Amino acid sequence: MKKGSVLVFGGAGYIGTHTVVELVGAGYGAVIADSLSNSEASAVEGVRRITGVDVPFEQVDACDEKALRGLFERYPFDAAIHFAAFKAVGESVDDPLKYYRNNLTSFMNLCSLMREFGRPDILFSSSATVYGEADVLPVTERSPRMPATSPYGKTKQVAEDILHDCCAAYAGMRGIALRYFNPIGAHPSALIGELPRGVPQNLVPYITQTAAGVRPCLSIFGNDYDTPDGTCLRDYIDVVDLARAHVAAVERMVQGRMKSSYEVFNIGTGRPVSVLELVEGFEKANSVEVPHKFAPRRAGDVPAVWADTELAAKELGWQAERPLEETLRTAWAWEKHLRGME
Ligand code: UD1
């Protein structure tokens with residue numbers, strides 16, 4: 001018997017697809033809604049192949065209130081997850097309205113329809129970016145949020161505030177924000193993974209494309225930070241582990257186990273890894289070379305950030321499980337699959 005069903009906005013994207021796979025694996029029904037503005041219909045096929053379930057897919061832009069309402073009328077889901085946001089930091093600086101409009105309109109539409117239709121449970125995809133350059137590491141959920149350094153980061157903070165305020169104001173409404181650290185890797189089947197368009201901005205897709213010969217050389221941005229090897233420290237979280245955190249959060253909401261109407265959890269491994277360690281770890285795990293050189297610091301990068309994961313372990317019963325080496329193997333398997341290299 002199904003445990004309940006979840007409407008997944010942005011369900012054809014990188015984290016969305018992996019989450020749908022884990023939800024279905026855990027016995028939930030799922031509906032994928034996605035505008036395909038930054039994802040591909042083939043990702044939905046990947047989900048269906050992995051799960052063996054013909055997961056319904058609706059091509060809908062969550063900014064289109066009327067179309068969204070149609071979904072609420074057609075599907076009797078219990079909870080909704082919002083992944084339907086743009087996430088390129090640099091682009092958000094160049095075109096802030098694109099980010100405010102898409103990331104916030106879609107989220108407000110979702111909240112207001114959830115309220116209208118009496119569907120209480122909303123899971124929001126937030127980011128460690130809300131902590132900015134933290135004074136104390138690792139960051140806990142009580143660490144202060146710092147002023148955002150990009151419109152993208154601001155949309156995460158504002159959407160968190162919207163959810164907080166709605167859950168405080170509207171009786172019965174419940175929300176959880178998951179603050180992801182650096183999601184990487186792919187499903188072990190290599191049927192779904194990250195699909196960056198154009199030149200990748202994030203580290204791991206740049207590494208995999210360099211290893212595949214698509215990019216000649218990886219630039220490591222900065223080797224003069226105050227860190228053990230001079231490169232930045234991040235908390236790289238396997239995307240399947242991250243997807244499972246969503247299942248744990250949905251379960252907490254629908255089973256009525258929340259301690260207050262709005263909760264926030266860090267989703268990371270709790271382990272800082274330097275850029276250089278990650279590059280070398282990738283080379284070792286996959287027996288492949290990644291040509292790299294040191295380059296100047298990238299504007300806006302924080303030297304170090306990693307998660308305190310105690311709260312997620314205690315309250316969600318969730319912790320990251322996959323060793324980094326295995327995650328880096330899945331990232332390479334996915335790149336090879338995309339390039340038809342095997
Ligand atoms: C970035 C965003 C963050 C967002 C996340 C979404 C910034 C400042 N932060 O996180 O807000 O939530 O993506 O996925 O953009 N690096 C290289 N060479 C590269 C690419 C990256 O050395 O070609 C380094 C970066 O300097 C950084 C680390 O790798 O130290 C990780 O970078 P990235 O994958 O872009 O993630 P974040 O910057 O942590």
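Values below: all heavy atoms of this structure, side chains included; hydrogens, waters and symmetry mates excluded. Counting starts at 1 for both ligands and their atoms, following the listed order. Predicted, not measured: the structure shown is a model, and the values here were computed from it.
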- Item | 4.0 Å heavy-atom contact, S219 with ligand 1 |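 The answer is yes, since S219 has a heavy atom less than 4.0 Å from ligand 1.
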- Message: Between ligand 1 and Y152, can you find any atom pair, the residue atom being a heavy atom, that is separated by under 4.0 Å?
- Response: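 It does; at least one heavy atom falls under 4.0 Å.
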Determine, for [Y] and [X], whether the Lys NZ or Arg CZ falls below 6.0 Å from the six-membered ring centre while staying within 45 degrees of the axis.
| X | Y | answer |
| --- | --- | --- |
| R297 | Y225 | yes |
| R234 | F181 | no |
| R115 | Y170 | yes |
| K98 | F86 | yes |

Report the nearest protein non-hydrogen atom to [atom]: residue, atom name, distance rounded to 0.1 Å.
| atom | answer |
| --- | --- |
| atom 11 (O) of ligand 1 | T129 OG1, 3.1 Å |
| atom 26 (O) of ligand 1 | D301 OD2, 2.6 Å |
| atom 35 (O) of ligand 1 | R298 NH2, 2.9 Å |
| atom 37 (P) of ligand 1 | N182 ND2, 3.6 Å |
| atom 39 (O) of ligand 1 | R234 NE, 2.6 Å |
| atom 34 (O) of ligand 1 | L203 N, 2.8 Å |

In terms of atom number and element, which parts of ligand 1 are under 4.0 angstrom from non-hydrogen atoms of [X]?
| X | answer |
| --- | --- |
| G300 | 8 (C) |
| K87 | 14 (O) |
| I220 | 22 (O) |
| Q201 | 20 (C), 35 (O) |

salt_bridge([X], [Y]) N-O dist < 4.0 Å:
| X | Y | result |
| --- | --- | --- |
| E263 | K259 | no |
| K284 | E280 | no |
| E251 | K3 | yes |

- Under a 4.5 Å cut-off applied to non-hydrogen side-chain atoms, are L191 and E45 in contact?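 Side chain of L191 against side chain of E45, heavy atoms only: no contact under 4.5 Å found.
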- Do you know which of F265, Y180, F107 makes ring-ring contact (aromatic ring centres under 6.0 Å, His included) with F124?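 Going through the options one by one, the only one that passes is F107.
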Among [options], which one puts a heavy atom closest to [atom]?
| atom | options | answer |
| --- | --- | --- |
| atom 31 (C) of ligand 1 | Y236, F221, Y180 | Y236 |
| atom 30 (O) of ligand 1 | C232, S274, C217 | C232 |
| atom 3 (C) of ligand 1 | V89, V204, T149, V279 | V89 |
| atom 1 (C) of ligand 1 | N202, T210, I15 | N202 |

- Hey, is ligand 1 close enough to V275 that some N/O pair sits below 3.5 Å?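 So ligand 1 has no N or O lying under 3.5 Å from an N or O of V275.
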- Message: For ligand 1, which is the ligand I care about here, please tell me if Y206 has any N or O atom under 3.5 Å from one of the ligand's N or O atoms.
- Response: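 There is no such contact.
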- Message: Looking at every non-hydrogen atom in both residues, tell me the closest pair between T231 and D229 and how far apart they are.
- Response: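 Closest pair (atom of T231, atom of D229, distance): OG1-OD1, 2.7 Å.
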- Task: List the steps, then state whether ring-ring contact (aromatic ring centres under 6.0 Å, His included) holds for F83 with H246.
- Result: CA-CA 11 Å; F83 293 111; H246 293 77; 5.2 Å; yes
